[in-house]
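Lettering of chains follows the sequences in order, A, B, ..., and the numbering in each one begins at 1.
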Amino acid sequence: MTDFHSPDARAAAALPLDLAEVRVRFAPSPTGSLHIGGSRLVMYNVLFAHGQARRAGKGGKFILRIEDTDQKRFVEGSAEGLMDGLAWLGLEWDEGPDIGGPYAPYVQSERQHHYREAADQLLANGHAYRCFCTPERLQRVRDDQVKRNLPPGYDRHCRNLGADEIQAKLDAGETFVVRILMPLEGETRFVDLLRGEIVFQNDKIEDLVLLKSDGYPTYHLAVVVDDHEMDITHVTRGPEWIPTAPIHVQLYEALGYEMPIFAHMPLILSPNGGKLSKRDGSAALADFRERGYLPEALLNYLALLGWSLDGKTEFFTMADLLEHFTIERVSAAPSTFDRDKLDWLNQQWINHHLTVEDLAVRCLPFLIAAGTIEEGPHDATHPTYGQVLVAAGLLKDRIRHLTEAPDLMSYFLADELHPYDSALLMPKRVEPAAALGMLKAFREVLPEIDLASHDATEARLRALADELGVKAGQLFMPIRVAATGRTQSPGLFDTLAAIGQDRVARRLDAAIELLEG
RNA sequence: GCCCCCAUGGUCUAGCGGCCUAGGACGUCACCCUUUCAAGGUGAAGAUCGCGGGUUCGAAUCCCGCUGGGGGUACCA
């Protein structure tokens, strides 16, 4: 049997020699927002198909399919939101509900007859049976089992109904579901790409429902049928599907389908334990977008959460990932979501991998939303772009999230300063009178200084500190606060230059008034 | 309860039987740079590789058990 401890062996198993094209799919149900874990799964799929497979000289396609077989949980607009999120991340699909493809339709509710045919085939060849049990009876059975401390599950009540009994119920118009007829003996095994062989005892597996009474298939029937019909070569999905994988394996065999390669990807855990969920602040991709994360940083972080190239390389662009990702290096162990590291990566991306122009443009929507600047196009043609660009240049290595832009840039972009505490004007160990003196002294020489010149401003201010007999820092702080309304800012001379002669003068006057009043 | 998966510092990870006195990164702390805050630089603390048995001349690496964590247990996906 394959030695899955060897990376080479896993690599070989991932891309069998006779495989011409990798076809992987992401098949979400349109029941809510796209989870961060789903986003990572899509990325791994894309990297595997478009990266690893193509590098190996094979074809590689990533398919998007909507699994809307549960009418009750359907949420309007969720499929659109999902595609929106993936597009934002820059993850593209080759076939899907919106762009079509050779295997259309890519929406399960439009593929009904396939499932019904498969169910009929299973019914005919004895791998499935009709079950007429009512939901009430099933609930009763379960309650009873729980009460008696038995493992809850369907008691296979309808498994051995006679042909005439079945006919009678059908004639009477009783509704039914179709259940898989699991073998009661033996075992079902399959190879998971990340874990090696997994074995299940057949008698421990339930006769799960394949076709619901409303005629819709359950996930189990639908995935198997669609994955087969869409020629999916690698079934990638979350680890929560491992327990029902034997059902799928049985179905592949019973239907005479060729077995795909299974790869159950790892789970993303919450720092509080358990699956990462809404309760952990945010688990939805859209939340990260709103909170000012760069898609590049998120992708970078997600790639590293469960995968590594060499344990040392930290920065990856999508292009890097396409060049280096291999699915067999994805860890089977679940990993905990670490907000701190994501934040660090986001800041690193802003500080070192984004151009100032790019940063400025990305800040625009956040500045507009906050009302810091006027409505306008989200690009360099925005009327205030020039000022935003200057501010972005100064704040580039101080911004962690784009959402901070409105606050950090406010004193560059707005004419009026937010009210601030006059105490800020007086640094520690500086008397109020001294602070006032310094501000007045600066105000007096301001007209002689060309703020646009960093060097001239610095020379004059340092000289002024000497004249006043104080340390440079003691003089700079009151000026900084007067000009910006806060104690933290980019370098003082650049900051003054960006704010401009007139506004600096006005803000100085206001500060002096504040101290005198 | 039953079934299944996983297990290297707080977190993400490297490691594929000797190169490991276990490497990198986040976080933490200290120092340097410095007009503040960042960024950057240097350094430190932090892991008896979950525990116990094997196999082997030799194990973080292979095997078994245990423990811990997680997942599943629907006419949801």
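Taking every side-chain heavy atom of A:Lys341 into account, B:G24 is the closest of B:C75, B:G24, B:A77. Of the candidate nucleotides B:G24, B:G27, B:G71, B:G71 has the atom lying nearest to any side-chain atom of A:Leu267.
Between A:Leu309 atom CG and B:G15 atom P the separation is 10 Å, expressed in whole Å. Atom NE2 in A:His35 sits roughly 19 Å away from atom P in B:A77 (whole-Å rounding). Here the P atom of nucleotide B:G15 and the CG atom of A:Asp310 are 9 Å apart, to the nearest Å. Look at CD1 on A:Ile205: it is 17 Å from P on B:G72, rounded to the nearest Å. Rounded to whole angstrom, the span from the CG atom of A:Asp207 across to the C1' atom of B:A74 amounts to 14 Å. One can place OH of A:Tyr115 at 16 Å from C1' of B:C75, the figure rounded to the nearest angstrom. Look at CG on A:Leu276: it is 14 Å from C1' on B:U11, rounded to the nearest Å. Atom-to-atom, CZ of A:Phe315 to C1' of B:A25 comes out at 9 Å; the value is rounded to the nearest Å.
The separation of B:G27 from B:C2, taken at their P atoms, amounts to 44 Å, rounded to a whole angstrom. For the P atoms, the distance linking B:G54 with B:A14 amounts to 30 Å, nearest Å. For the P atom pair drawn from B:C49 and B:U61, the interatomic distance equals 9 Å after rounding to whole Å. Atom name P, nucleotides B:G43 and B:U35: the rounded distance is 25 Å, in whole Å. Comparing the C1' positions of B:G46 and B:G40 gives a spacing of 24 Å, expressed to the nearest Å. For B:C20 and B:C66, the P atoms lie 35 Å apart once the distance is rounded to whole Å. Comparing B:C29 with B:A59, their C1' atoms sit 35 Å apart, to the nearest whole Å. As rounded to the nearest Å, B:C3 and B:G15 have C1' atoms that lie 32 Å from one another.
Projected onto RNA chain B by closest heavy-atom contact, A:Trp241 and A:Gly311 fall at different nucleotides, the more 5' of which corresponds to A:Gly311. Residue order along RNA chain B, read from the 5' end via each residue's closest nucleotide, puts A:Leu269 first among A:Thr218 and A:Leu269.
Note on ring orientation: taking the six-membered ring where Trp is involved, the planes of A:His248 and A:His220 are parallel (angle under 30°, cut-offs 30° and 60°). By the 30° and 60° cut-offs, the orientation of the rings of A:Phe200 relative to A:Phe190 is parallel. Using a 30° and 60° split on the angle between ring planes, A:His401 and A:Tyr293 fall in the perpendicular class, above 60°.
Nucleic acid contact for A:Thr69: sugar-phosphate only, since backbone atoms but no base atoms lie under 4.0 Å from a heavy atom of the residue. Within the nucleic acid shown, A:Lys72 comes within 4.0 Å of sugar-phosphate atoms alone, with no base atom in reach, counting heavy atoms only. Residue A:Ser213 is classed as a base contact, given a heavy-atom separation below 4.0 Å to a base. Within the 4.0 angstrom heavy-atom criterion, only backbone atoms of the sugar-phosphate kind lie near A:Val209; the bases stay farther away. Note on A:Arg179: only backbone sugar-phosphate atoms sit closer than 4.0 angstrom, heavy atoms only; bases stay farther off. When heavy atoms are screened at a 4.0 angstrom cut-off, A:Lys275 is found touching the sugar-phosphate backbone but no base atom. Among the heavy atoms of the strands lying under 4.0 Å from A:Cys133 is at least one base atom, whether or not backbone atoms are also near.
In terms of the ring-ring contact (aromatic ring centres under 6.0 Å, His included) criterion, A:His157 has no residue partners (sequence neighbours excluded).
Checking A:Thr403 against A:Arg291 by side-chain atom types alone, no donor-acceptor pair falls below 3.5 Å.
With a cut-off of 3.5 Å on both pairing distances, the Watson-Crick or G-U wobble partner of B:A7 is B:U67. Judged by Watson-Crick or G-U wobble contacts below 3.5 Å, the nucleotide B:G40 has B:C32 as its partner. Summarising the base pairing, B:G27 is matched to no nucleotide, lacking a Watson-Crick or G-U wobble pair whose two defining distances lie under 3.5 Å. The nucleotide B:A77 finds no pairing partner, because no Watson-Crick or G-U wobble arrangement with both distances shorter than 3.5 Å includes it.
Checked against the 6.0 Å centroid criterion, the rings of A:Trp307 and A:Tyr44 do not qualify as a close aromatic pair. Within the 6.0 Å centre-distance limit, the rings of A:Phe337 and A:Tyr301 are counted as a close aromatic pair. Under the 6.0 Å cut-off for aromatic ring centres, A:Tyr420 and A:Tyr411 do not qualify, their centroids lying 6.0 Å or more apart. Taking the six-membered ring for Trp and the full ring otherwise, A:Trp241 and A:Phe262 have centroids separated by 6.0 Å or more.
Applying the 4.0 Å criterion to OP1 and OP2 of B:U13, one finds that A:Ser335 has a side-chain N or O inside that range.
The existence of a salt bridge linking A:Arg111 and A:Glu117 is excluded, since no basic side-chain nitrogen approaches an acidic carboxylate oxygen closer than 4.0 Å. Looking at A:Glu314 and A:Lys341, a side-chain N of the basic residue comes within less than 4.0 Å of a carboxylate O on the acidic one, giving a salt bridge. The pair A:Glu174-A:Lys169 counts as a salt bridge, with a side-chain nitrogen and a carboxylate oxygen less than 4.0 angstrom apart.
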Under a 4.0 Å heavy-atom criterion, the protein footprint on nucleotides 1-10 of chain B, written with B, S and -, is BSSSSSS---

Nucleotide by nucleotide, nucleotides 28-46 of chain B touches protein heavy atoms under 4.0 Å in the pattern (B base, S sugar-phosphate only, - none) -------BBBBSS------

